[in-house]
There are 2 protein chains.
Amino acid sequence: MNLKQLSSALGLSQTTVSRALNGYPEVSEATRLRVQTAARKHNYNPSSRAKGLATGKALAIGHVIPVSTKHEMVNPIFGDFIAGAGETYSRNGYEMILSIVNDVDEESVYRGLKSRHAVDGVVVHGPTLNDPRIPLLTEIGLPFVVHGRSSGATSPYAWLDVNNKRAFNRAANFLYDLGHRRIGLVNGLEGMDFAHRRRAGYEETLRANGIPIDTALLRSGEMTEDFGFQSTRDMLALERPPTAIITASMISALGVRRAIEDAGLVMGRDVSVLTHDDVLSYLRNGADIPIFTSTRSSVREAGRLLAEMLLAEIAEPSDTPPNLLLEAELMVGLSTGPAPTDMP
Amino acid sequence: MNLKQLSSALGLSQTTVSRALNGYPEVSEATRLRVQTAARKHNYNPSSRAKGLATGKALAIGHVIPVSTKHEMVNPIFGDFIAGAGETYSRNGYEMILSIVNDVDEESVYRGLKSRHAVDGVVVHGPTLNDPRIPLLTEIGLPFVVHGRSSGATSPYAWLDVNNKRAFNRAANFLYDLGHRRIGLVNGLEGMDFAHRRRAGYEETLRANGIPIDTALLRSGEMTEDFGFQSTRDMLALERPPTAIITASMISALGVRRAIEDAGLVMGRDVSVLTHDDVLSYLRNGADIPIFTSTRSSVREAGRLLAEMLLAEIAEPSDTPPNLLLEAELMVGLSTGPAPTDMP
DNA sequence: AAAGAAATTGAAAGCGCTTTGAGTACAAAT
DNA sequence: ATTTGTACTCAAAGCGCTTTCAATTTCTTT
């Protein structure tokens with residue numbers, strides 16, 4: 001059933017039917033009702049292609065997911081983020097278009113989306129330091145919001161981020177207050193902006209408390225369970241092992257935990273662990289009492305909010321790009337405790 | 001730059017330019033080359049909307065992701081599956097459209113995708129027993145392939161599945177051969193077809209070996225880390241605890257492991273653990289020696305293959321829907337060992 | 001009752017592409 | 001010299017919508 005058929009079935013012009021369905025005021029309420037009922041009855045939905053062609057809007061948002069060519073790794077937060085954003089889209093009649101792309105030919109994907117008029121805007125995932133996508137999108141004039149930020153960007157752009165630096169300030173401070181002086185960091189990949197900021201927060205707080213940075217306690221890599229495990233195992237084998245470890249995700253935290261227990265130690269007593277928690281649906285951090293002490297910020301909620309920002313920006317572009325900085329919550333769980341006193 | 005502009009820039013008609021770009025034979029090679037060069041130079045890409053309108057194809061595949069209203073859970077395998085499918089799509093010039101939908105109003109989403117001509121086909125995720133989407137899609141005539149199967153379906157439909165039953169046959173057999181007689185099952189949600197088949201495989205093998213099914217050793221729920229933990233903790237507290245546990249995913253396996261160690265036991269010695277492993281990119285099961293003994297089947301590869309099936313089906317529908325049954329590989333790791341002899 | 005305003009409806013153009021049916025030019029065949 | 005191919009090229013219609021501009025009907029006002 002298309003518009004033509006529907007309107008002739010109703011004995012009305014396409015114009016009137018179109019107006020009735022799109023809420024234009026020049027249609028009598030009686031007619032509108034009649035049209036709406038008929039549309040529902042015949043299960044009529046305007047073709048999005050035709051609509052898009054006529055209006056010049058795509059009613060779609062692109063998400064370009066970079067898959068690192070190195071490890072073929074899909075960021076595990078992605079599912080939850082998408083779920084959050086998707087809610088906003090469907091509430092607003094937008095479609096979500098996903099492009100999985102290896103990081104090499106990202107540029108052409110963005111250009112393609114733009115020139116094919118496939119989307120009205122895009123979400124930039126996983127920003128790096130000096131992310132080239134930001135100037136690119138600005139140049140080609142495709143509306144976008146970055147999930148995260150990009151240190152080094154020279155002009156303003158729209159973003160939504162967690163205050164990673166402050167989160168890790170607080171994480172390090174919390175451990176310091178518990179008496180820990182050797183605190184390891186199992187961070188995400190250097191080059192990722194979030195990892196950079198987290199490390200900055202960690203180092204700042206340590207320095208502020210007079211603790212020199214020991215690079216032996218600094219690891220960075222893709223946040224897999226195995227990476228958490230290996231990093232921790234190696235650090236625990238040091239002459240002066242850390243008494244606490246801060247890590248960047250629940251998944252790596254599971255690996256950290258495994259290494260601690262493999263070493264015959266007890267998490268929360270011998271070694272404290274503090275993780276960032278994105279509140280992924282399948283990795284709930286314990287129900288009442290969190291297993292891991294964590295800095296907590298729901299990535300799903302971030303998706304919801306970011307999508308709203310983007311849609312607002314598309315509806316009426318502002319002259320100063322919107323920014324939103326979310327604070328992470330510090331949740332005390334069972335994985336942290338006072339620094340062991342029997343250590344040197 | 002649109003077709004009109006490009007063709008007038010070239011001094012050719014739109015017809016010729018269109019044909020040149022789409023590989024039609026009635027265009028001289030010289031012209032084609034000239035057109036292609038100009039198109040590249042001006043970064044011309046045909047509008048997908050206009051193209052779709054003219055051809056009647058959407059050049060897009062829909063993925064409708066059900067999010068359970070109960071737990072707001074996004075299946076963690078989803079990211080990797082999508083990554084696999086996405087590769088196939090982009091190689092074939094297709095777009096992927098994602099709809100996140102709570103399980104209640106799924107039907108209207110499928111009908112909408114069809115009537116809006118938004119997609120040429122869809123992938124059905126997470127099939128249940130007697131999944132209503134299969135008759136629905138068949139009825140409305142939207143091509144689809146199911147990732148998994150649906151026990152109880154009355155007519156043939158296209159699917160790609162892992163041989164879950166045989167996988168769990170082998171899993172149970174492997175443990176039986178190691179001397180285990182009390183084998184727990186931490187399964188996915190009853191109602192999900194894959195969980196049903198796995199349980200069938202498990203029960204079949206136990207019965208075949210003369211072991212009665214003990215419902216105290218059977219758990220089913222959403223496959224979170226916490227669910228693995230709680231189920232295992234409870235089972236270990238039984239009067240006659242299991243000496244081995246089979247679980248449905250790496251994530252729940254991590255919880256199983258945690259419960260075992262919390263109980264002061266050693267995985268692989270006191271309690272054996274065997275898990276199904278979807279080979280998720282962020283949960284690699286150890287590099288050389290797998291940590292967990294597992295039945296292994298890459299969900300990413302499944303995504304790739306399934307997308308190919310669907311595109312082939314769209315290109316030329318076959319009269320008998322294609323099916324593909326993948327076998328899971330049994331990988332022996334460190335989490336299993338002979339049943340402890342000191343147990344009754 | 002006439003005139004102007006307001007409300008309601010419709011015909012047709014246009015969005016950017018593909019594709020049909022027709023036309024032109026040139027070489028080869030009769 | 002005419003016919004028959006062959007190789008190119010193009011004008012125009014059509015895909016299903018929105019939207020402009022114009023037309024008609026109904027209501028107010030005088």
Side-chain angles (χ1 to χ4, degrees), chain A residues 1-36 38-39 42-60 93-95 112-120 315, chain B residues 1-36 38-39 42-60 93-95 112-120 315:
Chain A
M1 169 76 50
N2 61 25
L3 184 60
K4 196 168 175 179
Q5 297 167 331
L6 179 63
S7 46
S8 78
L10 279 161
L12 289 170
S13 73
Q14 300 190 32
T15 312
T16 304
V17 174
S18 168
R19 281 182 180 144
L21 293 173
N22 290 304
Y24 282 69
E26 332 54 345
V27 163
S28 75
E29 276 314 307
T31 312
R32 189 190 305 282
L33 212 65
R34 203 159 69 86
V35 171
Q36 283 172 339
H42 293 97
N43 191 32
Y44 167 77
N45 280 92
S47 148
S48 26
R49 294 198 296 271
K51 193 163 185 160
L53 190 53
T55 57
K57 336 218 100 272
L59 289 179
Y94 272 73
E95 231 116 64
L113 285 174
K114 167 75 177 181
S115 64
R116 283 184 349 249
H117 304 278
V119 299
D120 298 321
Chain B
M1 168 75 50
N2 60 25
L3 183 61
K4 196 169 174 179
Q5 297 167 333
L6 179 63
S7 48
S8 79
L10 279 161
L12 290 170
S13 74
Q14 300 189 32
T15 312
T16 305
V17 175
S18 169
R19 281 184 177 143
L21 293 172
N22 290 305
Y24 282 69
E26 358 9 16
V27 164
S28 74
E29 275 315 307
T31 312
R32 190 190 305 282
L33 212 66
R34 203 159 68 87
V35 170
Q36 283 172 340
H42 293 97
N43 191 33
Y44 166 78
N45 280 92
S47 149
S48 26
R49 293 198 295 270
K51 193 162 183 160
L53 192 53
T55 57
K57 337 217 100 275
L59 289 179
Y94 273 73
E95 230 116 64
L113 285 174
K114 166 74 178 184
S115 62
R116 282 182 350 248
H117 303 278
V119 299
D120 297 321

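By convention in this document, chain letters (A, B, ...) are assigned in the order of the sequence lines, proteins followed by strands, and residues within each chain are numbered from 1.
- Using a 4.5 Å heavy-atom cutoff, the side chains of A:Q36 and A:L21 are in contact.
- Formation of a donor-acceptor pair under 3.5 Å by the B:R49 side chain with backbone atoms of A:A50 is not found in this model.
- The nucleotide range of DNA chain C contacted by chain B, defined by atoms under 4.0 angstrom from heavy atoms of the protein and reported 5' to 3', is C:dG16 to C:dG21.
- Over its full length, the helix from C:dA1-D:dT30 to C:dT30-D:dA1 turns its helical axis through 60°, comparing axes from the five pairs at each end and rounding to 10°.
- With hydrogens and angles disregarded, no donor-acceptor distance shorter than 3.5 Å links the side chain of A:T31 to the backbone of A:V27.
- Between the CD atom of A:Q14 and the P atom of D:dT18 there is a distance of 10 Å, rounded to whole Å.
- At a non-hydrogen distance threshold of 4.0 Å, A:L53, A:A54 from residues 42-57 of chain A come into contact with DNA chain C.
- Distance alone, capped at 3.5 Å, places no donor-acceptor pair between the A:D120 side chain and the A:K57 backbone.
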Report the C-alpha distance between A:H42 and A:L6 in whole Å, list the side-chain angles of each, state the deciding distance to 0.1 Å, and finish with yes or no for side chain to side chain contact (heavy atoms under 4.5 Å, CB included).
-> CA-CA 8 Å; A:H42 293 97; A:L6 179 63; 4.1 Å; yes

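- Contact record, A:A58 with A:A118: CB-O, 3.4 Å, taken as the closest heavy-atom pair.
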Atom pairs under 3.5 Å: protein N/O with N/O of nucleotides 21-27 of chain D:
residue: D:dC21; atom: N4; partner: A:R19; partner atom: NH2; Å: 3.3

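- For the atom pair OH (B:Y94) and OG (B:S48), the distance works out to 13.0 Å, reported to the nearest 0.5 Å.
- Contact annotation: the side chain of B:R34 approaches that of B:L10 to within less than 4.5 Å [non-hydrogen atoms, C-beta and beyond].
- Contacts between residues 25-34 of chain A and DNA chain D, counted as heavy-atom distances below 4.0 Å, involve no residue at all.
- With a 4.5 Å cut-off on side-chain heavy atoms, B:N22 and B:S18 count as touching.
- Under the 3.5 Å distance criterion, the side-chain polar atoms of A:T16 are left unmatched by any main-chain donor or acceptor of A:L12.
- Taking A:T55 as the reference, nothing meets the side-chain hydrogen bond (donor to acceptor under 3.5 Å, both in side chains) condition, with sequence neighbours excluded.
- Side chain of B:N2 to main chain of B:K4: a donor-acceptor pair is present (N/O by atom type, distance under 3.5 Å, no hydrogens or angles).
- Side chain of A:R116 to main chain of B:N45: no donor-acceptor pair is present (N/O by atom type, distance under 3.5 Å, no hydrogens or angles).
- The 5' end of DNA chain D is approached more closely, in terms of each residue's nearest nucleotide, by B:T16 than by the other of B:T16 and B:S115.
- Residues A:M1 and A:N43 have side chains not in contact (no heavy-atom distance under 4.5 Å, counting atoms from C-beta outward).
- For the pair B:V17 and A:M1, nearest-nucleotide mapping onto DNA chain D gives the more 5' position to B:V17.
- B:R32 and B:G23 make their closest contact through NH1-CA, 3.2 Å (heavy atoms, listed as atom of the first residue, atom of the second, distance).
- Rounded to whole Å, atom P of D:dA7 lies 19 Å from atom CG of B:L12.
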